[in-house]
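Just so you know, ligand 1 is whichever comes first in the structure, and atom 1 is the first atom listed for that ligand. Since we're looking at a predicted model, the values are computed, not measured.
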Amino acid sequence: MSTAPRFRFAPSPTGSFHVGGARTALHNWALARRLGGTFVLRIEDTDEARNRPEWTQGIIDALAWIGISTHDEHFEGPHFQSEHAQAHVEAAQRLYESGAAYYCDLTGQEVQDRAKELDITGYDGYSRDRGLEPGPGRVLRFRVPDGHTIVRDAVRGDVDFDNSTIEDFVLLRGNGTPMFLLANVVDDIEMAITDVVRAEEHLPNTPKQQMLWEALGQEPPRWAHVPVLVNEQRKKLSKRRDKVALESYRDDGILADAMVNYLMTLGWTPPRSEELGSEIFPWSELEAEFRLEDVTLSPAFFDVKKLVAFNKQYIKNMPVDEFLAEVDAELPSDWDRERFAAIAPHIMERLERLGDAPGLVDFLFLPDGTDPEMDEVSWDKATKPEWSAGLLSDLIAEYRGLDAEQWQTDVLKATIEDVMERYEIKLGKAQALPRVAVTGRAVGPPLFEALEVLGQDETVRRLELAATRLQADLAPD
Ligand code: GLU
């Protein structure tokens, strides 16, 4: 009988949620959902010195942000490792009673001294046959059997570990508390986990864990170790060196969908990518197509520039309503939302991040009569041609003369086209001056759309101000 697979995501709440963790979670989520299985969230909170409750909430919030909802029918948990300490100790007891584990009274220092003396690394199995009873300060060690351990890995194929290279590792510390390896395996067994999909950095633990599964009389799970994420220098992403917190990207205006899509393409290429020349796919397709067997073996470069390029695509393709909802938190509270909604469709394709939006359109939200801050370099450049003053004064006259209902993008454009013919210049050149005059800078949203939103009175006022300024510039000293 084949049972539905049970995946798990088992973060330790010891810091902000790492983008690599998010990718592991997504892999497990995609597989659990596609295969009609379960995604178990287990918070591995046994390291009391480093755990903090707020990190646990941070994990749940981060998962929700990337679409892993505690309300989904495939979601189970959160379970807390700290609540299973009893089961961990009982399993250790069983291993001791069956002879699969034994007590050792050497201190850490003594283990090191022996290793030095014997010229070996690690623990030499000193207490294997000493028949020690449990006692204060005595650690429980696993008796690693002779032979080889073959880890069947969905990403890497069979990985062969020579057991002679694995020391008799500690299961219970001298104070009786369980070690991570034991707790992790016992929880996986208790939670009936069938598939362990996690980062490659855990691979060295896997033969030990597989031996524990077997010694506890269980069929080991299917394993999969996904290559780690690296930075530009090909170094493993680290908290100290790199920006790794998922929430810092969220706070920077990266959309959840873009982040999810990008994370899924690290080390894996969606099948239709080549045919479509794009790696942008909705979650439904990523989930349907993701296969561990197709994950590459080499470390994946977490390229922030590429993430931003994905984000740009996502912002551009978003429904306007959704964009307005997402960008709202980035806008100053006193900005007129209706006015922003009018310009929004015209700036969406220019944004790399949501947070870029205010800086692009702030000239539309100045309190009445406030002049835009002028970028002098752009101003000097735009006012250099000798036709500048003429063009400006003609444009003012034409724009002032329009009826209110004519104040529309197409009329505004046609009007400037008439004016620029008089000066025999092209639209690109002709636009530069009114753009700087009205917005204060050389780049921004499409000009005529912006002028329509700004309105006739304020546009004309700013153009007049620019004309005065230009006259002053031109006046002999
Ligand atoms: N708590 C471990 C970690 O966060 C989980 C390891 C595992 O997935 O087995 O690295």
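- Residue, atom and distance of the protein heavy atom nearest to atom 5 (C) of ligand 1 are A10 O, 3.0 Å.
- Distances below 4.0 Å separate heavy atoms of R198 from the following atoms of ligand 1: 7 (C), 8 (O), 9 (O).
- At a 4.0 Å heavy-atom cut-off, ligand 1 does not touch T24 at all.
- Using a 4.0 Å cut-off to heavy atoms of E44, the atoms of ligand 1 that qualify are 1 (N), 2 (C), 5 (C).
- Counting only non-hydrogen atoms, the option in H202, Q81, E201, H225 that gets closest to atom 10 (O) of ligand 1 is H202.
- Of the polar atoms of V196, none of the N or O atoms is found under 3.5 Å from an N or O of ligand 1, judged by distance alone.
- When ring centroids are compared, Y102 and F142 stay outside the 6.0 Å threshold.
- Residues passing the salt bridge (charged side-chain N to carboxylate O under 4.0 Å, His left out) test with E452: none are found, sequence neighbours excluded.
- Few gaps surround CD on E54; more than 12 heavy atoms of other groups in view lie less than 6.0 Å from it.
- Under the 4.0 angstrom criterion for non-hydrogen atoms, R8 is in contact with ligand 1.
- In this structure, R141 satisfies the cation-pi test against Y123, with its NZ or CZ atom closer than 6.0 Å to the six-membered ring centre and inside 45 degrees of the ring normal.
- Heavy atoms of S12 found under 4.0 angstrom from ligand 1 belong to the backbone as well as the side chain.
- Taking the six-membered ring for Trp and the full ring otherwise, the centers of Y262 and F310 sit less than 6.0 Å from each other.
- Checked against the 6.0 Å centroid threshold, F161 and H148 do not count as a close aromatic pair.
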